[in-house]
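Atoms considered below: every heavy atom in the structure, side chains included; atoms not considered: hydrogens, waters and symmetry mates. Throughout, numbering of the chain's residues begins at 1 and tracks the sequence. Just so you know, ligand 1 is whichever comes first in the structure, and atom 1 is the first atom listed for that ligand.
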Amino acid sequence: MAFAEYPVQSLMYITNRPELVFTEGKGSWLTDHNGKRYLDFVQGWAVNSLGHSNEGMIAALEKQARKLLNPSPAFYNEPMLALAKLLTDNSCFDKVFFANSGAEANEGAIKLARKWGQKHKNGAFEIITMNHSFHGRTLATMSASGKAGWDKIFAPQVPGFPKAELNDLASVEALINDKTVGIMLEPVQGEGGVIPATREFMQGLRALADKHKVLFIVDEVQTGCGRCGTLFAYELSGVEPDIMTLGKGIGGGVPLAALLCKGDVASFEAGDQGGTYNGNPLMTAVGAAVIEQLVAPGFLEDVRAKADYLREQLLALTAEFGLAGERGDGLLRALMLGKDIGPQIVEEARDMGPEGLLLNSPRPNLLRFMPALNVTREEIDQMIGMLRTLLKKLA
Ligand SMILES: *Cc1c(COP(=O)(O)O)cnc(C)c1O
């Protein structure tokens with residue numbers, strides 16, 4: 001079908017999309033309406049942790065779809081329980097609440113912290129968040145985010161989110177007062193440009209939270225579920241947070257998110273928290289199929305080996321073209337270009353032939369790589385080769 005025949009005018013405008021309609025995906029490859037193939041290093045924004053149309057996920061979806069779709073969130077179901085146990089067995093957390101999106105999980109984390117503050121801290125409600133952070137697109141999570149301009153577009157904001165600087169412990173401590181109930185951050189700022197919180201900062205935040213009896217909250221919607229080479233990114237800094245949120249990779253492409261906490265932080269009472277689709281068996285069955293693959297022996301070791309390989313290749317490009325280096329954890333990495341040519345590279349990579357390459361540029365001076373965690377070395381080589389061709393052309 002020609003692009004002009006698609007009813008694109010029926011969709012509400014929210015962003016500029018290229019004139020492509022994607023029709024199929026398998027592993028690291030997507031196919032558009034013209035039959036052109038693209039090597040996908042975006043994977044739905046770090047969502048498809050196991051690539052497109054993973055067989056384990058398909059089997060879980062098919063099996064569960066025939067068995068039970070939705071008994072009601074007020075009843076237990078088997079996949080909901082199985083996934084909750086997988087998550088508590090493989091993390092430092094004791095309790096799980098399921099949601100449908102990262103923003104919704106973060107809303108839950110904010111509510112949980114405020115509830116805990118009402119019970120244990122005289123109604124303290126402020127959550128210190130970081131400049132340049134991203135926590136979602138609901139009103140409260142936009143207010144928690146430190147994105148430039150977001151304090152104005154849907155004003156007034158939800159109050160209670162003073163902003164500190166990432167990797168500057170003094171800037172966090174300066175904001176702590178008797179209204180503070182928590183500190184929340186992404187272990188690696190994803191949308192902010194792949195900026196890791198240092199181990200020292202994470203450990204300092206844990207100590208600060210203990211000293212002032214406030215909650216340490218990690219938004220692992222992007223960094224969690226194997227993305228950073230460990231099942232959760234907090235493990236990299238040797239700390240145990242009080243609350244964690246998951247999204248994106250936990251569903252491997254389907255809408256699923258989770259809010260986790262330590263047992264003594266779980267302070268919701270009946271009716272405080274809910275949601276029609278929370279813990280629905282179809283999505284939690286897929287989530288369990290994803291997590292089972294991530295915790296299978298050798299899987300995360302393999303992610304770390306491929307991350308090292310990608311890092312070496314990006315450093316080689318840096319040397320070859322005099323770029324500004326690379327950074328990140330695991331398979332969430334950025335190549336610093338030294339110039340604002342990111343958006344141009346993204347477009348040219350997509351439009352190149354016979355096969356295209358899908359990349360992302362959250363900041364104009366860098367490219368972000370978030371391939372499937374089961375990407376192959378050959379696919380990394382192919383991506384680097386395509387990128388080299390483009391960098392040569394632009395040099
Ligand atoms: C994507 C993202 C979110 C929002 O998740 P949605 O599923 O889009 O609501 C929140 N926090 C971080 C760190 C993210 O990367």
Side-chain angles (χ1 to χ4, degrees), residues 14-15 41-49 97-113 127-148 150 154 158 161 163-164 166 182-197 202 205 216-228 231-234 236-237 241 243-260 275-278 280 283-284 286-287 290 328-334 360-363 366 368-371 373:
I14 54 155
T15 188
F41 270 63
V42 175
Q43 288 288 355
W45 262 256
V47 171
N48 309 318
S49 35
F97 168 79
F98 292 111
N100 312 294
S101 69
E104 198 191 341
N106 284 336
E107 285 275 339
I110 293 163
K111 285 170 66 177
L112 182 61
I127 299 175
I128 299 168
T129 59
M130 305 297 143
N131 275 320
H132 308 296
S133 61
F134 180 83
H135 298 297
R137 292 176 177 279
T138 60
L139 280 173
T141 56
M142 283 186 82
S143 304
S145 298
K147 256 179 108 116
W150 273 26
F154 300 114
V158 175
F161 300 101
K163 302 290 180 303
L166 185 72
I183 304 164
M184 172 158 119
L185 83 163
E186 303 151 83
V188 179
Q189 284 191 345
E191 304 309 303
V194 192
I195 308 169
M202 291 289 278
L205 289 181
F216 181 21
I217 307 166
V218 287
D219 174 349
E220 294 229 24
V221 170
Q222 188 159 148
T223 56
C225 302
R227 178 56 49 191
C228 292
L231 193 56
F232 305 110
Y234 71 78
L236 294 169
S237 7
I243 297 178
M244 173 172 76
T245 55
L246 299 174
K248 298 201 166 94
I250 188 179
V254 303
L256 178 67
L259 161 65
L260 295 91
T276 301
Y277 296 115
N278 87 79
N280 75 81
M283 295 306 129
T284 49
V286 177
V290 171
D329 280 316
L331 285 174
L332 179 59
R333 311 208 72 84
N360 164 255
S361 172
R363 294 260 167 134
L366 58 87
R368 174 171 49 170
F369 305 87
M370 34 196 169
L373 301 180

Checklist entry - When only distance counts, is Glu191 in polar contact with ligand 1, meaning an N/O pair under 3.5 Å? => result no
Next on the checklist: Suppose we measure from atom 11 (N) of ligand 1 to each protein heavy atom; which comes out shortest, and what is that distance?
Outcome noted: Asp219 OD2, 2.8 Å
Checklist entry - Does an N or O from Gly136, backbone or side chain, lie closer than 3.5 Å to an N or O of ligand 1? => result no
Checklist outcome for this item: For His135, the ligand 1 atoms with a heavy-atom partner under 4.0 Å come out as 10 (C), 11 (N)
Item to check | Glu107-Thr138 side chain donor-acceptor pair, cut-off 3.5 Å | outcome: yes
Item to check | Under 3.5 Å: N/O of Glu186 near N/O of ligand 1 | outcome: no
Checklist entry - How about Phe41 and Asn360: do any of their side-chain heavy atoms sit closer than 4.5 Å? => result no
Checklist entry - Starting from atom 9 (O) of ligand 1, which protein heavy atom do you reach first, and at what distance in Å? => result Ala103 N, 2.8 Å
Next on the checklist: Tell me the protein heavy atom at minimum distance from atom 15 (O) of ligand 1, and give that distance in Å.
Outcome noted: Lys248 NZ, 2.6 Å
Item to check | N or O pair under 3.5 Å between Val221 and ligand 1 | outcome: no
Checklist entry - Relative to the heavy atoms of Gln222, which atoms of ligand 1 are at a distance of less than 4.0 Å? => result 15 (O)
Checklist entry - Are the charged groups of Glu191 and Arg368 less than 4.0 angstrom apart, N to O? => result yes
Next on the checklist: To check your reading of the model: name the closest protein heavy atom to atom 6 (P) of ligand 1, its residue, and the distance in Å.
Outcome noted: Gly102 N, 3.4 Å
Checklist entry - Should the proximity of Asn106 to ligand 1, defined as any heavy atom under 4.0 Å, be assigned to the side chain, the backbone, both, or neither? => result side chain
